[in-house]
Amino acid sequence: MAADSQGNTFAFANSNYTVTSVTVTPGGELLDQSHLGLASGSARLYQSPALRDDEVSCEALGSTTVAVGSSGTLVFAGATYTATVSSSSVAYAVGELVKQSITFKVKS
């Protein structure tokens, strides 16, 4: 069943943001443990990562830059995370509102 994203709020380190999009990415890629001893045509072998790397990325209206390395509490869609800013940028374009992009590494 589809869910409506309208009405969600976004706050980080006691500041509220007017967010236009959010992507929550549970982290970690599978580790490929395949080797040359596998028979031709057999399936690759994978294992879960030893370390997770969960991320929340968003685009928000405004030109306030958030310093990379800033840490705080991130609240979105009823979930609370301990978050650290891993990237932050601001984009200016003709005929568009100023938007910032922020990526957080989170612990859930």
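On a predicted model such as this, the values are computed, not experimentally measured, just so you know.
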From [X] atom [atom1] to [Y] atom [atom2], the distance as rounded to the nearest 0.5 Å:
| X | Y | atom1 | atom2 | value |
| --- | --- | --- | --- | --- |
| Asn16 | Thr9 | CG | OG1 | 7.0 Å |
| Ser63 | Lys99 | OG | NZ | 14.0 Å |
| Gln100 | Tyr92 | CD | OH | 9.5 Å |
| Ile102 | Cys58 | CD1 | SG | 4.5 Å |

*asked:* To check you understand the geometry: which heavy-atom pair defines the closest contact between Val68 and Ser87, and what is its length?
replied: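 In this case the closest contact between Val68 and Ser87 is CG2-CA, 4.0 Å.
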*Looking only at non-hydrogen atoms, find the nearest pair between Ser70 and Ala67 and report the distance.*
OG-O, 2.7 Å
Given side chains that start at C-beta, do those of [X] and [Y] come closer than 4.5 Å, heavy atoms only?
| X | Y | value |
| --- | --- | --- |
| Val56 | Thr23 | no |
| Thr20 | Leu61 | yes |
| Thr80 | Leu74 | no |
| Thr73 | Tyr81 | no |

*Kindly work out whether a path of hydrophobic side-chain contacts (I/L/V/M/F/W/Y, heavy atoms less than 4.5 Å apart) joins Val22 to Val66.*
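Looking at the clustering, Val66 is in the same group as Val22.
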*asked:* Please report whether the ring centroid of Phe12 lies less than 6.0 Å from that of Tyr17.
replied: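 Tyr17 vs Phe12: aromatic centres not under 6.0 Å.
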*Under 3.5 Å donor-acceptor, Thr84 side chain and Lys105 backbone*: no
*When you measure from the side chain of Ser57 to the backbone N and O of Thr103, does any donor-acceptor pair fall under 3.5 Å?*
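No; zero donor-acceptor contacts below 3.5 Å.
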Please list every donor-acceptor pair under 3.5 Å in which a side-chain atom of residues 24-38 meets a protein atom from a residue at least two apart or in another chain.
{"from": "Asp32", "atom 1": "OD1", "to": "Ser34", "atom 2": "N", "distance (Å)": "2.8"}
{"from": "Asp32", "atom 1": "OD1", "to": "Ser34", "atom 2": "OG", "distance (Å)": "2.7"}
{"from": "Asp32", "atom 1": "OD2", "to": "Arg44", "atom 2": "NH1", "distance (Å)": "2.4"}
{"from": "Ser34", "atom 1": "OG", "to": "Leu45", "atom 2": "N", "distance (Å)": "3.0"}
{"from": "His35", "atom 1": "ND1", "to": "Gly37", "atom 2": "N", "distance (Å)": "3.0"}

